[in-house]
Amino acid sequence: MSIVVQKFGGSSVADAGCIARVASRVARMAEAGHQVVAVVSAMGDSTDDLIALARQINPALPQREMDMLLATGEQQSIALLAMALLHLGRRAVSLTGAQAGVCTDGLYSRAKITHIDCRRIIKELDTDNIVIVAGFQGIDEAGNINTLGRGGSDTSAVALAVALEAELCEIFTDVEGVYTADPRIVKKAWKIPEISYDEMLEMAAMGAQVLQPRSVEVAKQYNMPLHVRSSFKSSRGTIVKEVAKVPREMEKELLVCGIAHDLNILKTTIFDAEDNSRDLARIFLLLAAENINLDMISRSSNRNGKQDISFTTGRDDKQKVEKLLKNLMEEMGLGGFEIVDTLAKVSIVGAGMITNPGVAAGMFQILLEQGIDIDMITTSEIKISCVIDETRVNDAVLALHTGFNLDAEDK
Ligand code: ADP
Ligand code: ASP
Ligand code: MG
C-alpha cells in the first residue's frame, strides 16, 4: 500500500472548523486506499503568540526553553486533529516529533534533521492508523527538543516523505499554489503550474514564505516531487520537481519566473576595519561561531585606507550581532558600526536569466522609475536581489511584476 504525506500549515488548522475540514480531507485519502501521514503546524498564529508571551517573561528568550515552549503549539494541533479523525470513526494516533523518530542536530531554533527512525510510524500505519505528526520539531542526541526554524513544518513533511519513501507529498496552505509573486500583494500574480527545484529554492530563500527553503533542498536532494495546494479548495496547485514543463506560449516571457520579497532583513555596516583579509576572516569566523546566517556581504576600501564591511542577516540576530561587535570594537580597533532594521529585499528569480544579458539593467531601471533607491545588490545565476527601504517593498514587487511581463491578462 502506498504512503502519502500531507502537510497542513497554521491557517489550515486555525480553529475547530478548519481542523474538522482537514480531518475529512485526510480521511478521504485513507479511504482511497493510502496509508496517510499528516504533518501539522501550530494553530493559526499560535507560534507568534507563544513568542510574545515568552518575551514578557524573559526578553532574553532562553533557547532551550523557547524550543520546549514552541513545540507545544504543534502538539496541540496533532492531538486535536487525531481527535477529529476519531470523531469521524477513523483510527488515528498523534505523535510528537520525538515519538515519530525525527532526530535533530541539537541546534536550538534552527535545527536540522539528521535522520528519521520510521519504525514507530510504520508500526502505527500497519495497524491501520492514520498517523498525525507534529511538524517543526525533533529530538537531539541528548534528548532535548529542537525546533527547525520558522516554517519548519514544511521540512518535517518533506523529510518524512523521503524517509517513508512516500508516493506523494502534498503541502496544503492558504493559497492555491506557488504564484509569480505573493498573491496577497500582487493581484495579477498567477499560479505557476510547475516549477523546478532550483527556481523554487531561490524563490523560497528570497522570502516567498510558501515553502521553507530547507524543505525544497531536501526535496531536490532526494528528488521528491511536491504538490503545493489549497487547504480550502480542491483545485490542482503547483508541482515542484526536477524539470518543470513550461507552457509553450510563456517561453519568451520566462526570463523571470517570479518576484520574491523579504522583510526579515538586518543590515550591519562595520566602519574602518583594518584593510586586510585576516581581519575580514576573523569577523566572519566569529559570526559563524554564533550560528549567525549571513546573506549578502560587501566590502570596500575607504578613503582612510581602511575597509568598510556590510552584511545582512535575519532581524532575530540583532542582539547577537550587536553584542559581538561591541566586544570587537576595541580588540580589532574598528571605527564603529551601524545596524539598520528598516530594510527589505526584493528579488527576481528565473532560470532564463543565465542566457539573457540585460536582466539586471532592466531591474535597476524599473526600480529607478519608481524612485526606489537600491542599497545592496547580490546576484546568482538565476536571481538578482536588491536591498531597498521596507516602506517601498510593495511598490517594487508590483512594478517588477509588471515590468517583467508577469501580470496575468485576465485578472
Ligand atoms: P502555512 O501556514 O500554510 O505554512 P505560510 O503563511 O507559511 O503558510 O505560507 C503561505 C503564504 O506565503 C501565503 O499566504 C502567501 O501570502 C505567502 N507567499 C509569499 N510569496 C508567495 C508566492 N510566490 N506564492 C504563494 N504564496 C506566497
Ligand atoms: N509553527 C511554526 C511556525 O509558525 C512552524 C510552521 O508553521 O511551519 O513557524
Ligand atoms: Mg509555512
Side-chain angles (χ1 to χ4, degrees), residues 149-152 154-155 158 171 173 175 177-183 185-186 189-228 237-246 250-251 253-265 293-297 311-314 343-364 366-367 374 376-388 393 396-397 400-401 403-406:
R150 299 306 305 269
D154 298 328
T155 304
V158 178
I171 307 285
T173 185
V175 287
V178 179
Y179 283 71
T180 47
D182 187 340
I185 295 182
V186 182
W190 49 271
K191 185 168 68 188
I192 304 172
E194 290 187 358
I195 186 167
S196 68
Y197 293 125
D198 287 335
E199 286 172 315
M200 188 64 237
L201 192 53
E202 287 289 12
M203 287 284 282
M206 293 307 109
Q209 240 189 315
V210 63
L211 285 175
Q212 197 200 35
R214 261 307 283 147
S215 71
V216 188
E217 268 170 25
V218 177
K220 176 179 156 77
Q221 196 174 345
Y222 294 94
N223 204 8
M224 169 62 66
L226 310 178
H227 186 184
V228 181
T238 298
I239 307 291
V240 186
K241 60 182 201 176
E242 186 63 50
V243 182
K245 222 184 328 132
V246 174
M250 279 162 41
E251 210 143 29
E253 321 286 359
L254 269 184
L255 284 180
V256 173
C257 79
I259 315 290
H261 70 281
D262 192 351
L263 293 170
N264 184 19
I265 301 292
N293 269 338
L294 295 165
D295 182 16
M296 301 180 171
I297 301 175
F311 57 88
T312 63
T313 60
L343 297 169
K345 185 171 71 176
V346 58
S347 308
I348 57 175
V349 176
M353 276 182 214
I354 307 176
T355 46
N356 284 278
V359 183
M363 179 177 197
F364 304 153
I366 291 165
L367 295 177
I374 300 172
M376 289 172 92
I377 300 165
T378 178
T379 63
S380 78
E381 282 189 327
I382 65 165
K383 70 119 204 287
I384 303 168
S385 303
C386 295
V387 171
I388 61 173
V393 77
V397 172
L400 290 167
H401 201 268
F404 283 101
N405 299 322
L406 289 172

Once you round to the nearest 0.5 Å, how far does [atom1] of [X] lie from [atom2] of [Y]?
X	Y	atom1	atom2	answer
Glu194	His227	CD	NE2	10.0 Å
Lys241	Ser196	NZ	OG	11.0 Å
Ile185	His261	CD1	NE2	3.5 Å
Thr313	Asn293	OG1	CG	9.0 Å
Leu367	Leu400	CG	CG	5.0 Å
Met206	Ile259	CE	CD1	13.0 Å

Counting C-beta onward and ignoring hydrogens, is there a side-chain heavy-atom pair between [X] and [Y] closer than 4.5 Å?
X	Y	answer
Ile366	His401	no
Phe404	Val359	yes
Leu211	Met200	yes
Pro225	Tyr197	yes
Ile382	Met353	no
Leu226	Val158	yes
Ile377	Phe364	yes
Asn264	Arg150	no

Which atoms form the tightest heavy-atom contact between [X] and [Y], and what is the distance?
X	Y	result
Cys257	Ile192	O-CD1, 3.7 Å
Leu201	Pro213	CD1-O, 3.4 Å
Val216	Ala204	CG2-CB, 4.4 Å
Ala181	Val397	CB-CG1, 4.1 Å
Ala260	Gly207	CB-N, 4.5 Å
Ser347	Ser385	OG-OG, 2.8 Å

Verify, without hydrogens or angle tests, whether Trp190 (side chain) and Thr180 (backbone) share a donor-acceptor contact under 3.5 angstrom.
->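 Looks like no, no N/O pair under 3.5 Å.
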Please confirm whether the backbone N or O of Met296 pairs with a side-chain atom of Thr312, one donor and one acceptor, at under 3.5 Å?
->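 Yes, Thr312 side chain to Met296 backbone: donor-acceptor pair under 3.5 Å.
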Apply the side chain to side chain contact (heavy atoms under 4.5 Å, CB included) test between Val210 and each candidate in Asp154, Asp182, Thr238, Thr173; give the one that qualifies.
->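 Among the candidates, only Thr173 passes.
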Check step by step if side-chain contact (heavy atoms from CB on, under 4.5 Å) holds for Met376 and Leu343.
-> CA-CA 10 Å; Met376 289 172 92; Leu343 297 169; over 6 Å; no
Are Glu217 and Lys220 within salt-bridge range, i.e. N to O under 4.0 Å?
->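 Salt bridge: no.
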Do you see a donor-acceptor pair shorter than 3.5 Å between the side chains of Gln212 and Ser215?
->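 Absent: no donor and acceptor within the cut-off.
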